[in-house]
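See structure below.
All values derive from a computational prediction rather than experimental measurement.
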Amino acid sequence: MTVAIHNSVAVRKKTAAQFLKFAGDIAINLRVTEKILAEIERRLFSPDQALFDIEIVKNNLQKVKALPPETLTDEFIQIQFAIDQEFNLWRGLLEQRDAKIETYHLRRFFDTSNQTFDPAVYVALAYFYRGSENRLEHLSKFDLVLTRLFSLRDRSRREARNDRDERTAELSELFARWDGTESDPPHSSNAVFGAVARFEEFLLEAEMLVDFEDLIRSNIFDRLRAFKRDLGAVFYEPAVAAVSVECNLLLGNVFNDLLTRANQNLGEKLSASFDFAGAFHDTSPNVQIRVSEILTQLREETELHDSSSVREDASHIWDLLNVVCGHTGADTESSSSATAFPSQEPKSATERLAHLLATLDEPEPDVRMLREYTQKSKTLWTIDLNDFIKNEDPDIDRICRDVLRVILLTDELCTHELNQPKDISQTVFEELSRVFQKSLDLGEILEELLEHSEGTTQNRLLFVSNKFFETRLKLERTIVRFSNHHLGLVRAPDAAHTSKTARLTTAAAPETAKPGRVNRWLMLLTLVVCVLCAAAWFFADQMAANVPKSEDVEELNAAELPSGEHFVSAFRHKGTLFVVARDSWENLQEDQKKEALGKLTGIGSPTKIETVIVTNADGRPMGDLSTQGVNVSPEL
């Protein structure tokens, strides 16, 4: 359904004064839509696009102002036609840009923005999506922005800001104004009556649900999605859109309430992270895949910090949520178990990331796809992809892309293979070994490149090196944690007295652990420590060098930092602070070190400090703080 807004007979019959108001509303709505799309594009790492030039519109509106208010002359009609043409061109350009944005991205934009949007933003977007072609993408976006327009957020709940009759009347007035017609009473065709009645059945059904399993068994999300898709143009009738908003809000609140009742901790975490209820009844094509990805990520993060008993209690809930993400309305009686959804993931991290690694081989990589992946990781979301794939020197560009490959693989291995309750396979072991060897090779190359580079190139290489080092620290900590869990690795009791370098020894290993596997992990740990010590030495050397001054690189006075008496030197690159510690650092208690690291993130800086890395004068890591937590263990 394309709503003929600009060329209708009703528009042609407007007086000059009426048309000025009408055209002004359209211009404002299109400009607001343009700015919202630009913000989402920026988050998706899309190229910036210039604002539409409205000079022709402004000049013609000035001509209209000069005409008598009640005029309906041929000159006035010609001016209207010229303005209509500009609006149609503007809308067409916006529709091309919007075609690359999913409803998922729009929802994420609203949920993650640190601002409360003015209702005029939702009105402008509703105008835009209602006037576009009737595709599933636009129907779902129109449904989303109307729900946000007519609701208020209160913690995990959304409440309607007016009742259905008021909402219907408000939409009737809005739609009439957009169409350039008089506000007529709501449409009352059989199709509209039937659609409203069906929505009311969904409302009644949602109110009757008694527990979370009952909600999943009802398959209500799948059925509601299918019903909305089948409505077509009827969905854009005021009475239908108004009751759809009511249904969205009620079902969302029922979902959050029943989930919290089933598992309070999990319910609160999910409701705070993403509008899952809204996404579950979203009609857009790829939303179930997107929601499944978010659920997988949240489950991994949650289970990483929960005890085994807590994970077991929540496991059934996770399995039920996965059922909702299924692409077909399967028999929920049988599919609510974990076995109904066997994992189809490839065996290795390299295979899972094949599409990302492949695009890095292309002359123009798909930065949108890369950005979508990095935004899912607390470690990777701050990465500036321009530093990795936008270097003018082809040799440096190739090296930085290789570094990015290793960073992506490392994060994937930490998130999946090294976050499992079972032992790793030979395939995973070999993959880890390849990643370590590649890290060693790239570390040497980066060191040489930094020695012979300067200016902007050196600044970019510093950022690449910083992220590379931070990722390897994460891998080292993950392996130590994994090894302790599987092999019973602990520090020797006399380690603090016999050496400043931490030593690991094996406690009684589980009977199921094979000697060969223990040796492998000891070899891996040795290799990791070598990698990280080499990297730390490299970065300590860089700190002592004359770091180029720029807004992203800043040499600091170590003595003026919190606990500065324990530091020799320091410099900041973007959001990462590197500090060389004195011997006195080792004499501090663990809680004192953690407190000192925490205070370092609060120092005055053009860029917020999110990562702190402390080494000694020999380059050995002594502590670090990042989005993964704080680590001051001697095992560093």
Side-chain angles (χ1 to χ4, degrees), residues 382 387 443-444 446-474 476 500-502 529-590 592-626 630-634 636:
T382 57
D387 288 327
E444 294 176 359
L446 282 174
E447 182 177 3
E448 184 176 352
L449 286 175
L450 272 167
E451 288 178 357
H452 298 91
S453 62
E454 57 185 16
T456 303
T457 299
Q458 189 176 57
N459 290 347
R460 283 187 168 185
L461 287 172
L462 277 170
F463 175 76
V464 169
S465 302
N466 293 349
K467 296 306 295 184
F468 194 33
F469 184 44
E470 182 183 339
T471 303
R472 290 190 293 191
L473 280 174
K474 175 185 177 181
E476 185 268 348
K500 289 185 178 181
T501 303
V529 171
C530 290
V531 171
L532 293 173
C533 286
W537 176 274
F538 160 62
F539 281 105
D541 183 64
Q542 288 299 318
M543 284 186 278
N546 183 22
V547 180
K549 300 294 187 295
S550 76
E551 62 179 5
D552 291 330
V553 181
E554 179 184 11
E555 191 170 2
L556 303 174
N557 185 341
E560 295 179 355
L561 296 176
S563 303
E565 67 274 14
H566 301 295
F567 303 135
V568 178
S569 61
F571 85 91
R572 175 194 64 82
H573 179 249
K574 294 188 177 179
T576 302
L577 178 65
F578 291 88
V579 182
V580 176
R582 302 181 186 276
D583 291 342
S584 60
W585 174 264
E586 292 192 71
N587 297 326
L588 296 177
Q589 298 295 320
E590 183 173 319
Q592 293 176 312
K593 293 179 181 178
K594 290 183 177 180
E595 182 181 1
L597 288 173
K599 289 181 178 179
L600 288 173
T601 62
I603 65 172
S605 170
T607 304
K608 185 178 185 299
I609 300 298
E610 296 179 335
T611 304
V612 180
I613 296 174
V614 180
T615 67
N616 65 7
D618 295 327
R620 185 166 66 86
M622 305 296 291
D624 65 88
L625 179 151
S626 70
V630 183
N631 194 339
V632 293
S633 169
L636 282 167

Smallest separation among heavy atoms of Q458 and L450, with atom names: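 The answer is NE2-O, 3.1 Å.
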Heavy-atom pair of closest approach, residues L588 and H566: CD2-NE2, 3.6 Å
Can you tell me how far apart [atom1] ([X]) and [atom2] ([Y]) are? Round to the nearest 0.5 Å.
| X | Y | atom1 | atom2 | value |
| --- | --- | --- | --- | --- |
| I603 | L561 | CD1 | CG | 5.5 Å |
| E565 | R582 | CD | CZ | 9.0 Å |
| T615 | F578 | OG1 | CZ | 9.0 Å |
| L597 | S563 | CG | OG | 9.0 Å |
| L600 | T611 | CG | OG1 | 12.0 Å |
| E454 | L461 | CD | CG | 12.0 Å |

All pairs passing salt bridge (Lys or Arg N to Asp or Glu O under 4.0 Å) where residues 596-615 contributes a residue, at least two apart: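 Output for this query lists E595-K599.
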Apply side chain to side chain contact (heavy atoms under 4.5 Å, CB included) to [X] and list each qualifying residue two or more places apart in sequence or on a separate chain.
| X | answer |
| --- | --- |
| N587 | none |
| T601 | I609, V612, L625 |
| Q589 | D591, Q592 |

Ring geometry between W585 and F567 (parallel below 30°, tilted from 30 to 60°, perpendicular above 60°): tilted
Donor-acceptor contact below 3.5 Å, side chain S453 vs main chain L449: yes
